[in-house]
> 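Just dropping this structure here.
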Amino acid sequence: MKKITSIKMRITIWYTTLMFILILVVLSLVGGLSYQLSIDSVEKDVILQVTQVTEKLSKRHGGVFELVESKEEFKNVSIYESNGKYIVGQYIYDVANIPFVEGIPRRENVDGKDYIVYDIRTPSPPGLRGGFWIRGVESVNSTMLLGRSAIIIMLILVPLILVLTALGGYYITNKAFMPVNNIVKTANDISAQNDISRRIEITPDAKEDELQHLSLTLNRMLDKIETLIKQEKQFTSDASHELRTPISVILAQGEYLLDIAENDKEKELAKNIVDKANQVSKLVSRLLLITRIDQNRQKIKKEKVDLGVIADIAVESMKDMAEKKGITLSSDITEGIIVNGDEALLLSAITNLISNGIKYGKDSGRVTISASKLGNKTEIKVSDNGVGIAKENIDKIWTRFYRIDDVRNDEYASSGLGLAMVKSIVELHGGEISVSSKLGEGTQFRIVLKG
C-alpha cells in the first residue's frame, strides 16, 4: 500500500481522526451523564409522589377508599395491605409480586422492562391493624428509548459532521499551503525552463507568516544565485574571447616552428606546441559555444538536414582516431530521415558522441550510430561496447569539466566539455538527450528531436 505523502492530506486525516475521537468521547460522556440524570429524575419523581400520597393519607381519617377523592392522586402510586394485597391506586401487574423494601429506590427488571420502584410502610388508619405499603412505580423504558433515539441520531450525524470537517479542513489547509504550491511551481519552472530569473510570486495582500518569510528568503537566495551565474557566464565569455588571440598566435608560431624545424627533436617540440594549442583552441571554442547558448546569443540556422549525410561525415572524420584503437565505426541510418535543425551544430554534437565512444571504447570494439522516426519525432542513437559508466556517475557526465578519474585519458585530450556542449546543442534544438550504460558492457546516448 502506497503511503500518503501529501502533507495537506496527512494533516486533514490527523485532525479528522482527532475530531472523531473527541466527538465519540464527548458524546459518550454526555450520553452517559444525560441517561444517569434522567434515571435520577425518575427516582426523585417517584419518591416525591409516594411522599405526597403518604402525607395526605396521614392527615385523613376513615378507610383508605373513603379518603381518596380522585385516582389522579395515585398516579404511579398504589397502596397495599401489609400482606401485599392490592387496595387502591395504579396497579402495575409486572411489579405486583416484587417484595417490598422500605425506603430504598431501586431499579427492577421484569420481562425485559425496567422500572424504578420505591416503597414506604405507613401506620394503618384507626380501626385497622398492620399498616400499609405505599409503592411508587415508574417505567424507565421511555427514558431508555429516548436515549437510544438520541444515540441513533448522533450516529447518523457524526459521519456527516466528520465529512464536513474533513472537507472544510482540507479547504483551509489547501489555502494555507498555497504559498508552498507556489514555491514548488516556481522551482519546477526554473528546472524545466532553465530560467533562473523566475521568482516566487507574493501577492500584495499576502499574510506576513512563516511561509511568506520563506518565499522572501528563497527569492533573495535566487537573486544571489542568478547574479553569480551571470558573473560566471560573463567571465567564461570574456576569458574565452581574450584567449582566442594569444592561442591563435601560439598556434601560428608553433606551425611556423614545425615548418622550419631542422631535426627530429625540434619537430617533436614544435608538434607538441601545435597539438596543445589546437587542444586549447578547441576547448575555448566549446566554451564560447556553450556560453552563447546559455546567454541566448547563439544564432541557429534551421534547415532541412539529412541525418544520413551528417552521420557519414561524422564517421569519416573519426575514422583515423577509431583505427588507432581498432574500433569499427558504422552508420545504420535509413535514407531520407530529415530533421529541421542547424547542420553544423548537429554535426558537432554527433561527432562528439562518436569521439566519446572511441575514447572510452574497448580495443577492437565498435561504435554505431542509428536513427529512426517516432511519430512526429526523430530518435538518434550512438552506441558503443566500451567500458561503460557507473550508475552513480551517469548524472554527473553533463557537468562541465567533469571527467571520470578511472577512465581519464589525456591521450585524447578530454576536457570534460564535450557532453556538456552536446546537451546544450540538443536543448537549443528543443530536443532531449539521455544515456543508459552498464559497466563493462557499453553506453548508449539517445537524442530525441522534434520533426
Side-chain angles (χ1 to χ4, degrees), residues 192 194 282 285-286 289-290 292-293 298-319 321-322 325 327-362 365-389 393-400 402 412 414 416-438 441-451:
N194 290 325
K282 186 184 293 185
S285 296
R286 288 178 176 177
L289 176 60
I290 292 172
R292 284 197 295 267
I293 293 174
Q298 175 61 39
K299 294 180 181 179
I300 179 170
K301 182 183 178 183
K302 285 193 173 184
E303 55 187 348
K304 299 295 182 181
V305 178
D306 191 324
L307 286 179
V309 174
I310 290 182
D312 290 340
I313 295 173
V315 167
E316 186 65 29
S317 66
M318 291 288 105
K319 247 180 188 178
M321 184 177 174
K325 292 187 67 173
I327 290 178
T328 302
L329 300 181
S330 61
S331 173
D332 183 22
I333 300 179
T334 56
E335 189 176 343
I337 296 183
I338 307 298
V339 295
N340 191 30
D342 189 300
E343 184 175 4
L345 292 177
L346 291 177
L347 175 60
S348 178
I350 293 173
T351 301
N352 270 278
L353 291 179
I354 295 174
S355 172
N356 194 77
I358 295 172
K359 289 176 185 177
Y360 305 118
K362 298 176 181 177
R366 58 174 174 76
V367 176
T368 304
I369 177 172
S370 61
S372 58
K373 283 289 185 180
L374 297 174
N376 62 344
K377 296 182 179 181
T378 303
E379 180 185 64
I380 306 167
K381 293 181 181 178
V382 179
S383 310
D384 66 68
N385 61 344
V387 296
I389 306 170
N393 293 327
I394 285 184
D395 291 335
K396 302 174 185 176
I397 62 174
W398 312 109
T399 305
R400 296 169 192 180
Y402 177 78
Y412 297 106
S414 177
L417 278 177
L419 292 178
M421 183 187 71
V422 172
K423 188 172 188 291
S424 294
I425 291 173
V426 171
E427 291 177 349
L428 182 63
H429 283 78
E432 298 176 353
I433 184 169
S434 59
V435 60
S436 58
S437 182
K438 286 187 179 180
E441 295 184 18
T443 302
Q444 182 184 85
F445 288 92
R446 179 175 176 268
I447 297 173
V448 177
L449 299 174
K450 296 178 182 179

> Crowded around K302 NZ? As in, over 12 foreign heavy atoms under 6.0 Å?
yes
> Could you walk me through whether V305 and I338 pass the side chain to side chain contact (heavy atoms under 4.5 Å, CB included) test, one step at a time?
CA-CA 5 Å; V305 178; I338 307 298; 5.7 Å; no
> So how far is it from F445 CZ to K423 NZ, rounded to the nearest 0.5 Å?
12.5 Å
> For a quick test of reading the model, state the closest non-hydrogen atom pair linking I358 to V367 and the distance between them.
N-CG2, 4.1 Å
> Using atom types as modelled and distance alone, determine if a side-chain donor or acceptor of H429 lies under 3.5 Å from a backbone N or O of D342.
yes
> Could you check whether S330 and T368, counting side-chain N and O atoms only, form a donor-acceptor pair closer than 3.5 Å?
yes
> With no hydrogens and no angle check, is any side-chain donor or acceptor of N385 less than 3.5 Å from a backbone partner on R366?
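Answer holds: yes.
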> Supply the atom-to-atom distance K301 NZ to L345 CG, rounded to the nearest 0.5 angstrom.
12.0 Å
> Hey, what do you get for OG (S436) to CD (E441), rounding to the nearest 0.5 Å?
11.0 Å
> Does K359 reach the side chain of K325, with side-chain heavy atoms less than 4.5 Å apart?
no
> For G430 versus K450, what's the shortest heavy-atom pair and its separation?
O-CE, 3.6 Å
> With a 4.5 Å limit on heavy-atom distance, are the side chains of R446 and V435 in contact?
no
> Between K373 and T378, is any side-chain donor less than 3.5 angstrom from a side-chain acceptor?
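Side-chain D/A pair, K373 to T378: present.
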> Ignoring hydrogens, what is the shortest heavy-atom contact between W398 and A420? Give both atom names and the distance.
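In this case the closest contact between W398 and A420 is O-CB, 3.6 Å.
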> Should K438 and I389 be marked as a side chain to side chain contact (heavy atoms under 4.5 Å, CB included) after you check the CA-CA gap, both sets of side-chain angles, and the distance that decides it?
CA-CA 6 Å; K438 286 187 179 180; I389 306 170; over 6 Å; no
> Which heavy atom of I433 sits nearest to which heavy atom of V426, and what is that distance?
N-CG1, 4.1 Å
> Indicate yes or no: at least one non-hydrogen side-chain atom of L307 is less than 4.5 angstrom from one of I380.
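L307 reaches I380 side chain to side chain.
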> Determine whether L353 and L419 make a side-chain contact, defined as any pair of heavy atoms from C-beta on separated by less than 4.5 Å.
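In contact.
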> Which residues pass the salt bridge (Lys or Arg N to Asp or Glu O under 4.0 Å) test with K319, not counting sequence neighbours?
E316
> If you round to the nearest 0.5 Å, how far is CD of E343 from CD1 of I313?
6.0 Å
> With side chains defined as the heavy atoms from C-beta onward, is the minimum distance between S355 and M318 less than 4.5 Å?
yes
> Can you name the nearest heavy-atom pair linking A314 to I350, along with the distance?
CB-CG2, 4.0 Å
> Which pair of non-hydrogen atoms, one from S348 and one from M421, has the smallest distance, and what is that distance?
OG-CE, 3.4 Å
> Identify whether the distance between the nearest side-chain nitrogen and carboxylate oxygen of K381 and E379 falls below 4.0 Å.
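Looking at E379 together with K381, the answer is yes, because their closest N to O distance falls below 4.0 Å.
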> Is S383 close to T443 at the side-chain level, that is, under 4.5 Å between some pair of heavy atoms?
no
> Taking atom CD1 of I425 and atom CD1 of I447, what is their separation to the nearest 0.5 Å?
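Answer rounded to 0.5 Å: 9.0 Å.
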> Quick one: CG on D306 to CG on D312, what's the gap to the nearest 0.5 Å?
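One finds 8.5 Å between CG of D306 and CG of D312.
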